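Structure, as structure tokens:
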Amino acid sequence: MAEVRSDIEIARAAKKKPIVEIGAKLGIPVEALAPYGHDKAKVGADFISSLSGKKDGKLILVTAINPTPAGEGKTTTTVGLGDGLNRIGKKAIICVREPSLGPCFGVKGGAAGGGYSQVIPMEDINLHFTGDFHAITSAHNLLSTMIDNHIYWGNAENMDTRRISWRRVMDMNDRALRQTVVSLGGVANGFPRESGFDITVASEVMAILCLAADLKDLERRLGDIVIGYRFDRSPVFARDLKADKAMTVLLKDAMQPNLVQTLENNPAFVHGGPFANIAHGCNSVIATRTALKLGDYVVTEAGFGADLGAEKFFDIKCRKAGLKPDAAVIVATVRALKMNGGVKKEDLGRENVEALKRGASNLGRHIANVRKFGVPVVVAINHFTSDTEDEIAAVKDYAARHGADGIVCRHWAEGSAGIEELALKVVELAEGGQAKFQPLYPDHLPLLEKIEIIASKIYHAGEVTTDRGVRDQLKAWEEQGYGDLPICIAKTQYSFSTDPALRGAPEGHIVHVREVRLSAGAGFVVAITGEIMTMPGLPRVPSAERIFLNEDGFVEGLF
């Protein structure tokens with residue numbers, strides 16, 4: 001049996017092309033690229049502006065069933081499908097998010113794909129890359145420091161320090177910083193108040209960068225950030241503290257999309273990275289729009305399962321950016337469906353068609369949900385060597401009974417050659433004119449009603465509960481003119497419910513909204529449910545314990 005190489009070993013052995021050659025395939029001139037070494041570059045704003053009159057290509061969303069410890073391979077399938085479309089003669093571009101250091105050193109690992117369907121340079125992409133996350137962290141924390149500095153020097157805006165909602169961020173999982181007290185140490189250090197840290201990918205600055213159309217729009221949105229309230233309950237904006245322009249300066253390079261390549265030397269934009277369980281989970285609008293102008297097909301992903309990532313992609317990103325997806329791919333695995341059917345992880349290698357059929361309800365729910373947005377669907381069965389013919393046949397049969405083709409994909413092991421059939425089906429769906437995209441709810445509905453619609457129609461919840469303070473806050477935001485904003489629900493990725501242990505397709509459960517946050521600059525309201533944390537913690541045995549430099553100076557242990 002041939003030795004199975006790790007993702008990082010496969011990536012290291014890749015024959016990369018100079019990034020200027022990748023840009024040339026898309027018609028990007030050398031002068032429009034700002035190289036970071038030889039294998040990655042940022043695309044200049046002037047060149048992007050020059051594309052405005054070009055026709056858009058087809059937009060394909062890759063989403064998935066709810067994730068399990070068994071693995072689904074959504075990013076791997078996104079990369080593989082992009083390579084597959086290029087293999088069958090389409091000019092395809094991949095658009096994915098940048099990985100966060102927190103989960104990379106925690107439990108989830110990186111997000112550059114896997115096997116023979118990866119974007120490279122894998123090590124750089126999973127670590128510091130082009131510095132975008134550092135810029136976002138710095139811009140966010142600049143505003144944080146300007147808030148406390150403003151209070152120290154007399155508080156001219158008359159801010160109520162008990163109602164300052166803007167926290168600090170860092171790109172690492174650190175539960176010890178969830179709740180903090182700042183400005184301790186006496187008069188010289190300011191006025192003590194309670195605060196805390198979120199992870200950078202949960203920052204509103206991250207969401208703003210990923211939704212902004214250009215630098216001018218970025219500055220406007222940064223100025224719109226509500227950082228807290230005065231004693232008269234009126235909002236205080238970042239522009240009131242004169243922070244928006246300096247924040248834009250810190251983000252001017254980070255705003256430019258990052259161009260890299262796949263293992264098969266096809267173009268990929270890796271830009272922006274909000275989480276889908278605590279933020280809106282999509283790569284940047286500017287990268288997606290740029291790719292649509294440069295390619296026939298753009299393959300992008302939305303984080304975690306379709307209940308989170310796809311819903312937010314449709315209801316937030318597409319709504320705000322005017323995007324209209326042409327088809328969607330739902331990634332499923334035999335292993336994950338068996339786990340949804342009650343099989344323990346250690347028993348997944350054994351055939352169990354009955355458990356698979358039980359767990360397939362999770363897939364069926366996602367197929368039906370994506371169709372609610374008017375987007376045609378195909379199921380990608382991401383193949384594992386332990387899958388049996390009867391199990392694969394059961395998934396295909398289940399998908400067919402729910403009106404979708406189930407196609408086995410072997411891109412992890414075979415690259416583009418293993419995903420041709422899916423690529424051909426995606427072209428058939430996208431060219432067939434079946435898509436009639438529409439968001440789940442209109443803008444004008446009350447904020448709480450929008451939350452209830454998502455909970456009932458996507459999660460199949462029986463009830464949404466809130467404390468009176470949450471209802472009063474939503475009503476106050478409506479009175480302040482924010483009632484037309486979409487909703488971004490922060491929820492566990494592991495279940496349709498707010499209980500991560502409740503797998504399959506639960507019905508009638510209760511969704512309790514314990515907190516709401518206004519992201520006025522990004523343009524949505526965050527509803528926090530269950531036990532979800534905007535600052536994750538590390539597991540008992542973090543991945544960081546297995547990451548090291550070998551004797552040749554190469555990184556080991558990244559995945």
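Note that the structure is predicted; figures quoted are calculated from it, not measured. Side chains included, hydrogens not; waters and symmetry mates left out as well; all remaining heavy atoms used.
Using a 4.5 Å heavy-atom cutoff, the side chains of His460 and Phe496 are not in contact.
Side chain of Arg319 to backbone of Pro442: no donor-acceptor contact under 3.5 angstrom is found. In terms of modelled atom types and a separation under 3.5 Å, the side chain of Arg230 and the main chain of Asn158 share no donor-acceptor contact. Not one N or O on the side chain of His512 forms a donor-acceptor pair closer than 3.5 Å with the backbone of Val464. Put simply, the side chain of Glu463 never gets that close to the backbone of His509: no donor and acceptor are under 3.5 Å apart. Of the possible polar contacts, none joining the Thr75 side chain to the Ala111 backbone as a donor-acceptor pair under 3.5 Å is found.
Between Asp217 and Arg220 there is a salt bridge, since at least one side-chain N of the basic residue sits less than 4.0 Å from a carboxylate O of the acidic one. Between Arg514 and Asp467 there is no salt bridge, since no side-chain nitrogen of the basic residue lies less than 4.0 Å from a carboxylate oxygen of the acidic one. Electrostatic pairing of Lys293 and Asp56 counts as a salt bridge here, judged by a charged N lying under 4.0 Å from a carboxylate O. Using a 4.0 Å cut-off between charged side-chain N and carboxylate O, Asp198 and Arg517 make a salt bridge. A salt bridge links Asp307 with Lys491: the closest approach of a Lys/Arg side-chain nitrogen to an acidic carboxylate oxygen falls below 4.0 angstrom.
A cation-pi arrangement, defined by a distance under 6.0 Å to the six-membered ring centre and an angle within 45 degrees of its axis, is absent between Arg167 and Phe197.
Ring centroid separation for the pair Tyr152 and Phe191 does not come in under the 6.0 Å cut-off. The distance between the ring centers of Tyr36 and His128 does not fall below 6.0 angstrom. For Phe314 and Phe373, the gap between ring centers is short of 6.0 Å.
Heavy-atom contacts from other residues, nucleotides or ligands closer than 6.0 Å to NZ of Lys475 number 12 or fewer. In Lys457, the NZ atom is not crowded: 12 or fewer heavy atoms of neighbouring residues, nucleotides or ligands sit closer than 6.0 Å. For Glu531, the CD atom is loosely surrounded, since the number of other residues' heavy atoms within 6.0 Å does not exceed 12. Within a 6.0 Å radius of CG in Asp46, other residues, nucleotides and ligands contribute 12 heavy atoms or fewer. Surrounding OH of Tyr494 are at most 12 heavy atoms belonging to other residues, nucleotides or ligands under 6.0 Å away.
Looking at residues two or more places apart in sequence or on another chain, you find no ring-ring contact (aromatic ring centres under 6.0 Å, His included) involving Trp477. Partners of Lys450 by salt bridge (Lys or Arg N to Asp or Glu O under 4.0 Å), not counting sequence neighbours: none found. The salt bridge (Lys or Arg N to Asp or Glu O under 4.0 Å) test applied to Asp499 returns no partner, not counting sequence neighbours.
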Practice prompt. Evaluate the side-chain contact (heavy atoms from CB on, under 4.5 Å) criterion for residues Leu59 and Leu292: first the C-alpha distance (whole Å), next the side-chain angles of each, then the deciding distance (0.1 Å), finally the verdict.
Written response: CA-CA 7 Å; Leu59 180 59; Leu292 285 168; 4.1 Å; yes
Item to complete: Evaluate the criterion side chain to side chain donor-acceptor pair (under 3.5 Å) for residue pair Asp171 and Thr200; output intermediate values, then yes/no.
Response: CA-CA 5 Å; Asp171 189 28; Thr200 296; 4.7 Å; no
